[in-house]
Amino acid sequence: MAQEIERKYLVKNDSFKGQAVKAVRIIQGYLSSVPERTVRVRIKGDKGFLTIKGIGNESGASRYEWEEQIPTAEAEELLKICEPGVIDKTRYLIEHAEHIFEVDEFYGSNEGLTVAEVELTDEAQTVDKPEWVGEEVTGDVKYYNSMLMKQPYTQW
């Protein structure tokens, strides 16, 4: 079992784009969005993935995650039977200090929302944040992609 440890932040402006080493479009939906076990179907660029995540710990920074690549055609078919509400975003990878920040710029019903995530080796690890990183929202469920499909950012 893999344990995912990450922190999530709001992004203050789009100055991160000039620092990106890679950008990829992501379309994803959820076969199950219950917090105890989210099951995500994702097309990332031209690759398909199936991901299962468990419920987060008390801080929201750590939770079980399992992911496998699947044929893109199968991911496309699975997206058709997902719960209502598809997430559409571009993910930018930015190297900063000793970390790689994944910055998600959302479209559609989540237009205007941009968040940054950074994976850690343990919850106590310190993070040197770039200047474009704003308020920490780790553990705030309204920023989980599985919640953004149900209660989009533009409806807050």
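The residues of the chain are indexed from 1 along the displayed sequence.
- The minimum heavy-atom distance linking A23 with Y92 is given by the pair CB-CD2, 3.6 Å.
- The shortest heavy-atom contact between A75 and R42 is CB-O, 4.1 Å.
- The 12-atom threshold is exceeded at CD of E36, counting heavy atoms of other residues, nucleotides or ligands nearer than 6.0 Å.
- Taken together through direct or relayed side-chain contacts under 4.5 Å among Ile, Leu, Val, Met, Phe, Trp and Tyr, M147 and V115 form parts of separate hydrophobic clusters.
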Q: Would you sort out whether V118 and E6 count as a side-chain contact (heavy atoms from CB on, under 4.5 Å), showing the intermediate values?
A: CA-CA 5 Å; V118 60; E6 66 184 14; over 6 Å; no

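- Remark: side-chain polar atoms of T51 are not paired, donor with acceptor, to backbone N or O of E67 under 3.5 angstrom.
- Residues F49 and K44 approach most closely at CE1-CB, 3.9 Å, considering heavy atoms.
- I26 and L79 fall into different hydrophobic clusters, where Ile, Leu, Val, Met, Phe, Trp and Tyr side chains are chained together by heavy-atom contacts under 4.5 Å.
- The closest side-chain heavy-atom distance from I70 to L78 is below 4.5 Å.
- Counting heavy atoms from C-beta outward, H99 and Q125 have side chains that approach closer than 4.5 Å.
- Side-chain heavy atoms closer than 4.5 Å link hydrophobic residues (I, L, V, M, F, W, Y) into clusters, and following such links, possibly through other members, connects Y107 to V11.
- In K47, the NZ atom is not crowded: 12 or fewer heavy atoms of neighbouring residues, nucleotides or ligands sit closer than 6.0 Å.
- Although no hydrogens or angles enter the test, the distance criterion places no donor-acceptor pair under 3.5 Å between the side chain of S32 and the main chain of V39.
- Separating the CD atom in E74 from the OG1 atom in T72 is a distance of 9.5 Å, to the nearest 0.5 Å.
- Pairs of residues two or more places apart, or lying in two chains, that qualify as side-chain hydrogen bond (donor to acceptor under 3.5 Å, both in side chains) and include a residue from residues 8-18 are K8-E117, N13-S15, S15-E131, K17-E105.
- By the 4.5 Å heavy-atom criterion applied to side chains, L50 and V41 are counted as neighbours.
- Within a 6.0 Å radius of CD in E119, other residues, nucleotides and ligands contribute more than 12 heavy atoms.
- Distance check: L120 CG to T126 OG1 gives 9.0 Å after rounding to the nearest 0.5 Å.
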Q: Quick one: do Y143 and D104 satisfy side-chain contact (heavy atoms from CB on, under 4.5 Å)? Show the steps, please.
A: CA-CA 11 Å; Y143 291 101; D104 290 344; over 6 Å; no

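- Results of the side-chain contact (heavy atoms from CB on, under 4.5 Å) test with K89 over N145, N110, L113 single out N145 as the only residue that passes.
- Scanning for salt bridge (Lys or Arg N to Asp or Glu O under 4.0 Å) contacts around K53 gives E4, E65, with sequence neighbours left out.
- For the residue pair R7 and T138, the shortest heavy atom distance occurs at CA-OG1, 3.2 Å.
- Linking ILVMFWY side-chain heavy atoms closer than 4.5 Å, directly or via other members, places F106 and W156 in a single hydrophobic cluster.
- Side-chain contact check for Q19 versus W132: some heavy-atom pair is nearer than 4.5 Å.
- Considering all non-hydrogen atoms of both residues, T154 and S109 come closest at OG1-O, 2.7 Å.
- In this structure, the side chains of F16 and H96 stay at 4.5 Å or more apart for every pair of heavy atoms.
- Once rounded to the nearest 0.5 Å, the distance linking CZ of R40 with SG of C82 reads 11.0 Å.
- Residues L31 and W66 are members of one and the same hydrophobic cluster, defined by side-chain heavy-atom contacts under 4.5 angstrom among Ile, Leu, Val, Met, Phe, Trp and Tyr.
- A heavy-atom distance below 4.5 Å is not found between the side chains of Y144 and T38.
- R91 places no side-chain N or O within 3.5 Å of a backbone atom of K22 that could act as its donor or acceptor partner.
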